[in-house]
Peer 1: 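Have a look at this one before I ask anything.
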Amino acid sequence: MTVLMDTLKPAIVDIDPEGLSLSCTATGPELGLDEPEEKFEGPLTIQLELVQHDGPITVTGTLEGTAIRQCVRCLTEYSDPLFVNLYAEYLSQAGLATKPAPAEQGRRGPRRGPQPVEPVEEADEADEADEVYLYQGEHLALVPMVREQVILAAPMQPLCREDCRGLCPQCGQNLNERRCGCPPEQGPSPFRVLRSPLSKGGHA
C-alpha cells in the first residue's frame, strides 16, 4: 500500500517537459473501489505518463485488469476484461487563485468559460472540462482520478454475453444453462380490451 501511494503521488518537481513514467499494480480496495459492484479478479496494472509544460500537467495512460460483473439479465457473475484509457489535466489551485473565478464550476474542477464554438462541439467542451482536476502542494494525488475514471468506464447494463437469454420469469431457471418446462408466457390478448366493453354492453 505504501509503495502504491508513493507511486501515485509523485512530486511536482519530478515532472518536466520530457515526462515522467509511472508503473504499478493495485487492488480495487487500494484505489478506493470497494463497493459491492466493484470487484476485480487479481490486481490492476496502471501505466501513466505525466508531462508538464508552462501550463497544466497532462496525465495519460492505461489501466488493465479483469472486472467481476453481474449480468443484468441472468444475474450471474462473469469475468469482463478491463481496459481503461486514462486522461486528465491538472491545474494548480494556487495559480487559479490569481485569475478571475470561472463562470461555472465542474464537479471535479473548473469548467472553461464560454467559448465561441459551434453547437456540435458543446458536448466535447463539457467532456474536456470533466477531465480537469486541481492540485495543491508539492505532490500530485492520482488515485482519485484513476478511481473515478474506472467507475465512469463501467457499463450501465452489464451483460455476460450479447445473446444472454436471462431467467425464466415463471420458475427462475437460467435459460443460458438449459431450457425449463414452463409454458411460454402468454401476453394479454389485444381483443380482450375490445371484448369486455361489448360484453358489458350486451348484458345491459
Side-chain angles (χ1 to χ4, degrees), residues 1-40 42-67 80-117 121-156:
M1 184 69 172
T2 302
V3 175
L4 172 66
M5 293 301 101
D6 290 344
T7 301
L8 296 183
K9 196 171 182 180
I12 302 299
V13 296
D14 293 337
I15 308 170
D16 54 37
E18 296 182 359
L20 173 66
S21 297
L22 302 177
S23 177
C24 65
T25 59
T27 64
E30 286 177 330
L31 295 174
L33 297 165
D34 47 15
E35 294 296 323
E37 67 275 14
E38 298 167 349
K39 295 190 289 185
F40 304 91
L44 304 171
T45 302
I46 303 169
Q47 304 279 348
L48 296 174
E49 292 288 336
L50 290 71
V51 178
Q52 182 178 31
H53 296 287
D54 295 334
I57 299 173
T58 301
V59 181
T60 58
T62 59
L63 179 144
E64 296 183 67
T66 303
D80 185 25
L82 184 65
F83 185 92
V84 181
N85 284 308
L86 303 172
Y87 175 83
E89 290 183 2
Y90 283 81
L91 299 176
S92 171
Q93 195 166 24
L96 289 178
T98 62
K99 300 180 180 179
E104 183 181 345
Q105 285 289 345
R107 56 187 167 85
R108 290 181 287 174
R111 291 189 181 273
R112 294 167 173 78
Q115 298 287 337
V117 296
E121 297 179 4
E122 290 180 357
D124 294 338
E125 188 74 13
D127 290 342
E128 290 179 6
D130 281 344
E131 295 161 351
V132 176
Y133 297 78
L134 297 179
Y135 73 88
Q136 59 182 343
E138 300 178 352
H139 292 80
L140 207 62
L142 299 174
V143 169
M145 178 273 293
V146 172
R147 175 175 63 248
E148 192 167 56
Q149 296 204 19
V150 171
I151 292 173
L152 291 175
M156 295 294 293

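Heavy atoms only: backbone and side chains are in, while hydrogens, waters and symmetry mates are out.
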Peer 1: Test your reading of the model: is there a side-chain donor-acceptor pair from E38 to the backbone of D34, 3.5 Å cut-off?
Peer 2: yes

Peer 1: Working to the nearest 0.5 angstrom, can you tell me the gap between I15 CD1 and Q52 CD?
Peer 2: 6.0 Å

Peer 1: Measuring from T62:OG1 to L48:CG, what's the distance to the nearest 0.5 Å?
Peer 2: 7.5 Å

Peer 1: What's the shortest heavy-atom distance between L33 and R147, and which atoms?
Peer 2: CD2-CG, 3.6 Å

Peer 1: Looking only at heavy atoms, which two atoms of H139 and K9 are closest? And how far apart?
Peer 2: CD2-O, 3.3 Å

Peer 1: Show the nearest heavy-atom pair for residues P56 and E89, with the distance to one decimal.
Peer 2: CG-OE1, 4.1 Å

Peer 1: Mind checking side-chain hydrogen bond (donor to acceptor under 3.5 Å, both in side chains) for Q47 and listing every partner two or more places apart, or none if nothing turns up?
Peer 2: S23

Peer 1: Which heavy atom of Y90 sits nearest to which heavy atom of A141, and what is that distance?
Peer 2: OH-O, 3.5 Å

Peer 1: Measuring from atom CG of L50 to atom OG1 of T58, what distance do you get when rounded to the nearest 0.5 angstrom?
Peer 2: 9.0 Å

Peer 1: Which heavy-atom pair separates G65 from L44 by the least distance, and what is that distance?
Peer 2: CA-CD2, 3.8 Å

Peer 1: So which atom in L82 and which in A67 form the shortest heavy-atom distance, rounded to 0.1 Å?
Peer 2: CB-N, 4.3 Å

Peer 1: Can you sort out the partners of P43 under side chain to side chain contact (heavy atoms under 4.5 Å, CB included), two or more places apart, ordered by chain and number?
Peer 2: T25

Peer 1: Nearest 0.5 angstrom please: E37 CD to I151 CD1, how far?
Peer 2: 8.5 Å

Peer 1: List the residues meeting side-chain hydrogen bond (donor to acceptor under 3.5 Å, both in side chains) with E49, not counting sequence neighbours, and say none if there are none.
Peer 2: S21

Peer 1: Between atom CG of L22 and atom CG of L142, what is the distance when rounded to the nearest 0.5 Å?
Peer 2: 6.5 Å

Peer 1: Measure the spacing between CD1 of I57 and CD1 of I12 and express it to the nearest 0.5 Å.
Peer 2: 4.0 Å

Peer 1: Determine, step by step, whether L8 and L31 satisfy the side-chain contact (heavy atoms from CB on, under 4.5 Å) criterion, reporting the C-alpha distance in whole Å, the side-chain angles of both residues, the deciding distance to 0.1 Å, and the verdict.
Peer 2: CA-CA 10 Å; L8 296 183; L31 295 174; 4.1 Å; yes

